[in-house]
Amino acid sequence: MSSSTRWAAPVSANRWFDAELLERSRAFHGPLARAALWRSGFQAVGLALAFGIAWWLTAAGLAGLAGALAIGALVSCLASWLPCVMVDSWMEYRHQPRFTDASSLPVGRFLVVAAVSGVGVGGLGAVVSGLVHLAVRATTWWPLLVIVGGGGFMTVAAWSGLRLGYRSEPLEAEVEAELALVASAGGVPGVIWGRMVSPDEPGINAASVGGIGPAQVLCTEALLDADHDLRDFVIAHEVSHLRRGHHRRAFALSLAGLTAEVASLWAADRWVLQRLDGGLANPRLWPLAVAIVAMTAAPVALIEAWRSRSHERQADLDASATVGVPGIDALRSLHEHDRSDLDPGLLARLLAPHPSPAERLMQADRESG
């Protein structure tokens with residue numbers, strides 16, 4: 001099995017980073033890990049609360065499509081939006097501002113952002129719940145309708161995620177020509193380049209999108225200002241993702257995950273929910289349906305993260321070959337200047353889309369001989 005895909009055992013960060021740097025990283029990322037656990041706990045409590053409220057609403061006469069819309073919005077707000085707002089408010093004003101390194105958002109603006117996101121999350125939950133309700137009542141083939149509809153939404157999201165999710169501007173002709181040489185050496189000519197101007201994308205970073213539409217790479221200002229060896233390594237890394245079709249593979253795996261989640265919901269509806277209280281056609285069972293999907297989504301997320309880490313390892317190897325220098329110096333510089341978690345815990349490693357910095361450095365060291 002190649003070094004790009006095999007399981008990587010936990011690697012000690014102490015070999016690769018000095019004690020002071022590790023301590024700063026732990027001080028920053030420790031609260032983030034705890035915040036993620038708090039968010040998950042709040043989501044579980046919110047889902048249980050939504051189930052109780054949904055039971056009360058339907059007992060009071062709320063039913064049909066109106067019930068599906070109302071309860072879908074309720075579940076989304078209590079089990080997703082509210083827990084995130086609670087944790088994000090702590091992040092914004094106690095630990096690390098979300099949108100800027102300098103200062104926290106004014107309280108008024110934060111509340112507006114939270115309110116707008118609440119409307120969006122609640123509206124999306126209502127739409128999904130309503131569409132599933134209509135599909136279940138219309139045909140026994142509703143799982144196929146849900147998969148096709150979900151797959152279409154994922155396709156649009158995959159196409160628009162980078163193109164519309166980041167504000168960008170064109171690069172200077174000289175810089176674009178330099179990056180185009182790296183892309184051509186990596187086997188992907190004709191890349192569309194841009195500079196990120198989004199306020200929440202600091203640090204040395206780049207993002208690529210491919211598989212649907214033209215290949216595109218956006219770079220942060222810090223990356224464009226970095227040492228050319230580091231800059232070219234990061235660009236070659238993204239070019240590897242494009243050449244090897246990692247975006248298409250990730251999309252296919254996500255679609256397979258969606259199919260597994262819908263299949264679990266269909267099985268639960270047929271053998272459990274219909275025996276309880278009429279199945280998914282009854283809006284009061286929607287919180288239970290969301291819990292079933294969440295339980296299926298957990299192993300799917302682990303598999304997707306594992307596959308993503310294998311793609312990242314391969315892209316590191318390709319980047320070293322493209323730029324013609326070992327990647328260990330570039331990776332060390334990258335992780336020392338950004339805010340990577342230099343010593344993640346077991347759960348963070350399992351869910352992370354990238355290998356830990358120590359694992360990436362160990363691979364680069366091994367490949368350099």
Side-chain angles (χ1 to χ4, degrees), residues 40 43-44 46-48 50-51 53-55 57-58 62-81 120-161 211-212 247-308 351:
S40 297
Q43 288 172 335
L47 190 57
F51 184 80
I53 296 176
W55 199 271
L57 289 174
T58 53
L62 186 64
L65 180 59
L69 294 173
I71 293 173
L74 175 73
V75 171
S76 295
C77 288
L78 291 182
S80 178
W81 171 75
V121 170
L124 180 61
V127 169
V128 171
S129 175
L131 290 176
V132 171
H133 175 82
L134 292 175
V136 169
R137 294 180 64 88
T139 176
T140 58
W141 292 92
W142 65 264
L144 182 60
L145 294 180
V146 174
I147 291 172
V148 171
F153 177 81
M154 288 167 56
T155 301
V156 173
W159 179 87
S160 62
I212 303 175
H247 302 88
R248 289 192 299 272
R249 296 181 185 182
F251 179 80
L253 187 57
S254 296
L255 189 58
L258 171 66
T259 303
E261 291 161 10
V262 174
S264 70
L265 186 59
W266 170 81
D269 180 55
R270 181 173 181 179
W271 286 296
V272 178
L273 300 184
Q274 289 184 15
R275 297 181 181 181
L276 287 178
D277 202 358
L280 283 175
N282 188 341
R284 75 167 60 179
L285 294 181
W286 183 247
L288 187 57
V290 172
I292 292 169
V293 171
M295 287 187 289
T296 307
V300 168
L302 290 174
I303 294 172
E304 290 180 341
W306 168 78
R307 192 57 184 164
S308 175
L351 293 174

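Heavy atoms only, all atoms of each residue included: I292 and A268 are closest at CD1-CB, 3.4 Å. For the residue pair A79 and Q43, the shortest heavy atom distance occurs at O-CG, 3.0 Å. Nearest heavy-atom pair across T296 and E261 is CG2-CA, 3.8 Å. The two residues S129 and A68 have their closest heavy-atom pair at OG-O, 2.7 Å. Closest approach of C77 to G122, counting heavy atoms only: SG-CA, 3.8 Å. The two atoms that bring H133 and G64 nearest to each other are NE2-C, 3.5 Å, heavy atoms only.
Within the 4.5 Å cutoff, the side chain of L265 has heavy atoms near those of the L280 side chain. Counting heavy atoms from C-beta outward, W142 and D269 have side chains that approach closer than 4.5 Å. Side chains of W306 and L302 form no contact here, defined as non-hydrogen atoms less than 4.5 Å apart.
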Item to check | Test side chain to side chain contact (heavy atoms under 4.5 Å, CB included) applied to W286 and L74, step by step | outcome: CA-CA 10 Å; W286 183 247; L74 175 73; over 6 Å; no
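For the atom pair CZ of R284 and CG of L273, the computed distance is 12.5 Å after rounding to the nearest 0.5 Å. Annotation: the span from F153 atom CZ to L124 atom CG amounts to 6.0 Å, rounded to 0.5 Å. Interatomic distance, CD1 of I71 versus CG of L78, reported as 11.5 Å (0.5 Å rounding). Atom CG of N282 sits about 11.0 Å away from atom CG of L288, to the nearest 0.5 Å. Between the CG atom in L144 and the OG1 atom in T259 there is a gap of 9.5 Å [rounded to 0.5 Å]. Expressed to the nearest 0.5 Å, how far OG1 of T58 lies from CD1 of I53 amounts to 11.5 Å.
When the shell of 6.0 Å around CH2 of W141 is examined, it contains 12 or fewer heavy atoms from other residues, nucleotides or ligands.
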